[in-house]
Amino acid sequence: ERASSDIQFLSIASRSPPFLFVVSVFILAAAVYLCLTMLFNVDRVKIEGNTLYEEMDLIKTSGIEKGENLFEVDIAYAEDKLYSVYSYVEEVEVKRSFPNAVTIKIVEATPFSVIEEADGYTLVSAGGKVLERGLEEVPHGMLSVRGISTVTNSEDNTKRKDLMMRIIGTMQELKMEDYVFLDLTD
């Protein structure tokens with residue numbers, strides 16, 4: 001009797017392609033629903049490479065919330081927000097770690113030089129990121145740069161920033177560590 005009901009079901013399905021399509025769509029919709037509601041929810045956020053900031057502050061700033069679906073985590077937003085809010089974050093990468101975690105990898109900025117400006121000294125990383133403004137004096141052993149601004153975006157200033165970055169890169173490659181002053185004025 002069971003064999004005859006299986007045969008009967010198969011004969012209905014084979015004569016009715018729309019039936020198979022509807023069943024397939026239903027199964028697919030159920031799988032998507034499960035993935036977006038019950039499975040792959042963020043259970044933990046792991047922070048790697050951070051020594052300067054409170055982990056809870058980083059997580060809050062990233063916008064990633066416990067219980068949020070892993071597929072709905074806005075990776076680009078989290079990376080942009082962390083980079084812009086925390087001055088000592090030189091690079092940040094946010095990755096989904098299946099089945100239930102998010103990993104935030106941080107590369108901390110290393111102070112490399114100061115730029116002389118009207119309101120004091122501006123501390124910058126080797127990558128050119130502004131770390132601190134308004135310093136009253138040059139930190140010991142730090143390269144001091146004159147002739148550019150971190151505020152002005154003129155074409156001339158942009159060229160000087162690019163030149164500074166090339167010079168700093170070359171200095172690092174050649175391990176030139178004893179220099180304390182770079183003048184980029186005309």
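If you're wondering where the values come from, they're calculated on a predicted model, not measured in any experiment.
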Notebook entry, point to check: What residues form a salt bridge (charged side-chain N to carboxylate O under 4.0 Å, His left out) with Glu117, not counting sequence neighbours?
Noted result: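 Residues passing salt bridge (charged side-chain N to carboxylate O under 4.0 Å, His left out) with Glu117: Arg133.
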Next item on the list: Show your working on side chain to side chain contact (heavy atoms under 4.5 Å, CB included) between Val102 and Lys46 and close with a plain yes or no.
Entry: CA-CA 6 Å; Val102 174; Lys46 297 183 282 187; over 6 Å; no
[X] and [Y]: which non-hydrogen atoms are nearest, and at how many Å?
X      : Y      : value
Gly63  : Tyr77  : CA-CE2, 4.5 Å
Asn41  : Asn100 : O-CB, 3.3 Å
Gln172 : Ala126 : NE2-CB, 3.2 Å
Glu90  : Ala109 : OE1-CB, 3.2 Å
Ser113 : Ile168 : OG-CD1, 3.9 Å
Ala78  : Ile64  : CB-CD1, 4.3 Å

Next item on the list: Tell me whether the guanidinium CZ or amine NZ of Lys129 lies under 6.0 angstrom from the six-membered ring centre of Tyr88 and within 45° of its axis.
Entry: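 Not satisfied by the 6.0 Å and 45° rule.
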Should [X] and [Y] be regarded as members of a common hydrophobic cluster, given that ILVMFWY residues are connected when their side-chain heavy atoms come within less than 4.5 Å of each other, either directly or indirectly?
X      : Y      : value
Val114 : Phe112 : no
Ile47  : Tyr53  : yes
Leu123 : Phe181 : no
Leu174 : Val180 : no
Ile75  : Tyr83  : yes

Item checked: Test item: side-chain donor near acceptor, Ser125 and Thr110, under 3.5 Å ->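 No, Thr110 and Ser125 have no side-chain donor paired with an acceptor closer than 3.5 Å.
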Next item on the list: Decide whether Tyr121 and Glu132 meet the rule of one side-chain donor and one side-chain acceptor closer than 3.5 Å.
Entry: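 Judged by distance alone, the side chains do not pair up.
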Margin query: Taking Asp156 first and then Arg160, would you say they form a salt bridge - that is, a charged N and a carboxylate O separated by under 4.0 Å?
Written below: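 Here Asp156 pairs with Arg160 in a salt bridge, since their nearest N and O are under 4.0 Å apart.
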Notebook entry, point to check: In terms of side-chain geometry, is the basic nitrogen of Glu116 or Arg146 positioned less than 4.0 Å from the acidic oxygen of its partner?
Noted result: yes
Margin query: One pair to check against side chain to side chain contact (heavy atoms under 4.5 Å, CB included): Glu108 and Asn50. What are the steps and the verdict?
Written below: CA-CA 7 Å; Glu108 293 179 343; Asn50 169 55; 3.6 Å; yes
Note to self: Set out, in order, the CA-CA distance, both residues' side-chain angles and the distance that settles side chain to side chain contact (heavy atoms under 4.5 Å, CB included) for Val107 and Glu93, then state yes or no.
What the structure shows: CA-CA 9 Å; Val107 175; Glu93 180 183 20; over 6 Å; no
Check: Under 3.5 Å, is there a donor-acceptor pair between the side chain of Asn157 and the main chain of Ser149?
Finding: yes
Do [X] and [Y] have side-chain heavy atoms sitting under 4.5 Å apart?
X      : Y      : value
Pro111 : Met142 : yes
Leu58  : Ile106 : yes
Ile59  : Asp57  : no

Margin query: Run Thr103 and Val94 through side chain to side chain contact (heavy atoms under 4.5 Å, CB included) and show every step you take.
Written below: CA-CA 6 Å; Thr103 303; Val94 178; over 6 Å; no
Checklist line | Mutual orientation of the aromatic rings belonging to Phe71 and Phe98 [parallel < 30°, tilted 30-60°, perpendicular > 60°] | finding: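 Aromatic pair Phe71/Phe98 classed tilted.
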Note to self: Are there over 12 heavy-atom neighbours, none belonging to Tyr179, within less than 6.0 Å of that residue's OH?
What the structure shows: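 Not more than 12 within 6.0 Å, no.
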Notebook entry, point to check: Hey, is CD on Glu65 packed in by over 12 heavy atoms from elsewhere, all under 6.0 Å?
Noted result: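 Check fails, neighbour count at 12 or below.
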